[in-house]
Amino acid sequence: MYRTHTAGALNLSHVDQQVTLAGWVDRSRDIGQLCFLTLRDRYGVTQCVYETSDSEDSTLSLLKTLTNETCIKVTGKVRARTEKDINPEMATGTIELVISEVEILNKANVLPFQVRDDISVSDDLRLKHRYLDLRRSKMQRNMLTRHRTIQAARDALCDMGFLELETPLLVRSTPEGARDFIVPSRTNPGNFYALPQSPQLYKQMLMISGMDRYFQFAPAFRDEDLRADRVPVHTQIDMEMTFVEEKDVFLAVETMVRKIFQDVKEVSLPESFLIMPYHEAMERFGNDKPDMRFGMELKTVTSLVNDLDFKVFSEAECVRCIVVEDGSKVSRKDIDSTLLDKAKIYGAKGLAWSRIKNQEFSGGVAKFLNQKTKELMEALELKEGNLILFVADSYQVCCAGLSAVRLALGSQLELIDQSQYAFLWVNDFPLFEKGDDDTWIAMHHLFTHPKAEDMQYLDSDPGKVRGQLYDLVLNGVELLSGSIRIHRADLQKQILDIVGMPKEEAENKFGFLMDSFQYGAPPHGGSAIGLDRLVAILCGEDSIREVMTYPCNNQGIFPLDGSPAPADQHQLDELGLIVKAPAKDI
RNA sequence: GGGGGCGUAGUUAAGUUGGUUAUAACGCCGGCCUGUCACGCCGGAGGCCGCGGGUUCAAGUCCCGUCGCUCCCGCCA
């Protein structure tokens, strides 16, 4: 071993012991014939000190050459610091290591960026030198949190009798929503595997196999455009259960999530989480993943304002609004620029506003609203000083626009308690939505079981059918998606008919699943948690990249190894591939 | 596919209506310092101002193009 202890281990009980530490130079402070250096490893930081009366001393000279992040081994005796030299900020601040010997294991060159928490460096540079970025204590903490989250989830699921099983990573391209990553087969020229978008079909068949309860930390691959919280590969805590209904899945998930928050954050979550149907979420928050940490709910006023002498309102399909309690905190400039911009992103053409002053509307569109002062004041329960913000458009645009405005106000007015974890189940999603060309498309995926009481509308009015579908939302972030699945071939065929998938295509793409339904497939259901998003929230990070070891950048490029890269000609030849597009230079 | 923002030493930034030798902090190199802990003090090196073109007596600054990064919309159940 290179070391006898770690850099976080030493305390007063080790005084006078001879120890050896190995790690990186966190900082060195050269005070002439006195020299301090702080040595860092995953476990902490320990101050090492060397003093001499000989200015030609070889150890002293060596210490003076140490640059930050040089990898070293230090041997010496632990000494208690004198009262005035104790550093209360440091976990090891009561002691120091008196250096007798230093060995440079590997020198560090001039660093591309400093390894410390208070840096602001471009993400690209951080990713190019991710090994250095991960040395920063914040990143070390994030990785530890990730590890603990996985550990707690595994403990909880194993306790509940789930089996941890793996499903294939080279699979058939599936009829799911996102674009597949495809992998050419050398042994079967002209044929391709797909990387799984989720273990969906394979975990369903594990239930058919009688595995009863399964889970897996599963990579999920999707070849779509990226975002701050979206990368081509993310990890799901994927689970599936047999002979269960929605509430049974909720219970299992809640048990696991409670264990995670207890173990990782020492936070006790409530016995059960709030449940809200999709339609209620849209009505109250304009969003299917509402942030429940603050109110400011949306209201609909279409019928009250459509006879006003104001074309924008009278001709709109829908008029919705939100009420800001203390309107004085929102300036005209906020409304006309910041908030309007938010609403515009989602297609709103404007953001009408007015304030309540002396028991009537004042400013903005007041002259129109005051045709119905009393009715509006009562319907919206308006009070002195309120600010009302309206969007008039389709129901979808009203919801999306005002929901964005609500979130912007929530953060601007600091209405959000950052210490709170507000969980919410959203369920009863519609099974289908109308596509562009008037066809029905599955809102979630094709394997979701309709709600029993809505099955009667499958033929007559698919838009009315709700699925046994649920999302778990945490602080406005969609953490989990799941459903009770179809387990009978006849129902599965009916669903495929409704979305107009040709029989041949269905047979080709997942006939194997349909087949499996024919041998006593049991009722089953499950869910998948976005592990990266969960860990990001636990770490207080906005981007999931902060909790992944080696994420790619926003262009899908990983600056460290330079992937993706062109394939060698001999690789292409073996695969029988001809590249038509010239390789983009990256 | 569409829109917004940013590209200046190793890093993060400043750079005025276009006008001397392009600044600062941290880092790096050298010197001084025996209780520092963001050590301090003195000195030094370090620049294709992303790239290409244009306007001008003169461009880091203005214009056009391009490349890179980033955030968002579409897309992603």
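Residue numbering restarts at 1 for every chain, and letters A, B, ... go by the order of the sequence lines. Computed from a predicted model, the values in this text were never measured in an experiment.
Picking from B/A77, B/C28, B/C72 the nucleotide with the shortest atom distance to the side chain of A/T67 gives B/C28. Side-chain proximity of A/R230 to the nucleotides B/U12, B/A77, B/C76 is greatest for B/C76. Looking at the side chain of A/D85, the nearest of the listed nucleotides B/G10, B/C37, B/A77 is B/C37. Side chain of A/D30, nearest nucleotide from B/C75, B/C37, B/C33: B/C33. You'll find that the side chain of A/R116 is closest to B/A38, out of B/G1, B/U36, B/A38. Considering only side-chain atoms of A/Q47, the nucleotide from B/G35, B/G10, B/U70 that sits closest is B/G35. Checking B/C73, B/G35, B/C75 against the side-chain heavy atoms of A/R79 singles out B/G35 as nearest. When distances run from any side-chain atom of A/N554 to the nucleotides B/C71, B/A77, B/U34, the shortest one goes to B/C71. The side chain of A/I345 has B/C73 as its nearest neighbour among B/C73, B/C76, B/A77. Nearest nucleotide to the A/E224 side chain, out of B/C37, B/A38, B/C76: B/C76.
Nucleotide B/C57 forms a Watson-Crick or G-U wobble pair with B/G19, both donor-acceptor distances falling under 3.5 Å. Nucleotide B/A38 forms no Watson-Crick or G-U wobble pair with any nucleotide shown, as no partner meets the under 3.5 Å limit on both distances. The nucleotide B/G68 finds its pairing partner in B/C6, both defining distances of the Watson-Crick or G-U wobble pair being shorter than 3.5 Å.
Side-chain nitrogen and oxygen atoms of A/R29 include none within less than 4.0 Å of the OP1 or OP2 phosphate oxygen of B/A38. For B/G68, the OP1/OP2 oxygens have no side-chain nitrogen or oxygen of A/Q555 closer than 4.0 Å. An OP1 or OP2 oxygen of B/C37 is reached within less than 4.0 angstrom by no side-chain nitrogen or oxygen of A/N87. Contact check, A/Q33 against B/C33: no side-chain N or O comes under 4.0 Å of OP1 or OP2. Considering only side-chain N and O atoms, A/R27 lies under 4.0 angstrom from the phosphate OP1 or OP2 of B/C39. For B/C73, the OP1/OP2 oxygens have a side-chain nitrogen or oxygen of A/R227 closer than 4.0 Å.
Atom CD1 of A/I441 and atom C1' of B/C75 are 12 Å apart (whole Å). Atom pair A/D123:CG and B/U11:C1' shows a separation of 14 Å (rounding to whole Å applied). A/D229 has its CG atom 10 Å from the C1' atom of B/C76, to the nearest Å. Protein atom CG of A/N553 is 20 Å distant from nucleotide atom P of B/C6, rounded to whole Å. Spacing between atom CD of A/Q396 and atom P of B/G74 amounts to 13 Å, rounded to whole angstrom units. Between A/I95 atom CD1 and B/C37 atom P the separation is 18 Å, expressed in whole Å. Computed from coordinates, the A/H444 NE2 to B/C76 P distance equals 14 Å when rounded to whole Å. The CE-C1' distance, from A/M90 to B/U36, rounds to 11 Å in whole Å.
Counting any heavy atom pair closer than 4.0 Å across all strands shown, A/A228 reaches sugar-phosphate atoms only and no base atom. Within 4.0 Å of A/E433, counting heavy atoms only, lies no atom of the nucleic acid at all. Residue contacts shown for A/L125 are limited to sugar-phosphate atoms, with no base heavy atom under 4.0 Å away. At a threshold of 4.0 angstrom between heavy atoms, the contacts of A/Q114 are confined to the sugar-phosphate backbone, with no base atom among them. Among the heavy atoms of the strands, none lies under 4.0 Å from A/T38. Base contact: A/T52 has a heavy atom under 4.0 Å from a base atom. Nucleic acid contact for A/S481: none, since no nucleic acid atom lies under 4.0 Å from a heavy atom of the residue. Within 4.0 Å (heavy atoms only), A/N109 reaches no atom of the nucleic acid at all.
The environment of NZ in A/K128 is sparse: at most 12 heavy-atom neighbours from other residues, nucleotides or ligands sit within 6.0 Å. The environment of NZ in A/K107 is crowded: more than 12 heavy-atom neighbours from other residues, nucleotides or ligands sit within 6.0 Å.
Aromatic ring pairs are classed by plane angle as parallel below 30°, tilted from 30° to 60° and perpendicular above 60°; the pair A/H5 and A/H14 is perpendicular.
To the nearest 0.5 Å, atoms CZ (A/R533) and NE2 (A/H234) are separated by 7.5 Å. Rounded to the nearest 0.5 angstrom, A/N142 CG and A/M548 CE are separated by 12.5 Å.
Here, B/A13 and B/C32 have their C1' atoms 31 Å apart, quoted to the whole Å. Comparing the C1' positions of B/C71 and B/U17 gives a spacing of 32 Å, expressed to the nearest Å. Spacing between B/C49 and B/G18 at atom C1', rounded to whole Å, works out to 15 Å.
No donor-acceptor pair under 3.5 Å is formed between the side chain of A/Q494 and the backbone N or O of A/L458. Without hydrogens or angle criteria, A/E96 side chain to A/Q47 main chain gives no donor-acceptor distance under 3.5 Å. In terms of modelled atom types and a separation under 3.5 Å, the side chain of A/D41 and the main chain of A/A7 share a donor-acceptor contact.
With hydrogens and angles ignored, no donor-acceptor pair under 3.5 angstrom links the side chain of A/R222 to the base of B/C75.
Between A/L226 and A/R545, the residue anchored nearer the 5' end of RNA chain B, judged by the nucleotide with its closest heavy atom, is A/R545.
We find that the ring of A/F36 and the base of B/U36 stack, their centres lying under 5.5 angstrom apart and their planes tilted less than 30°.
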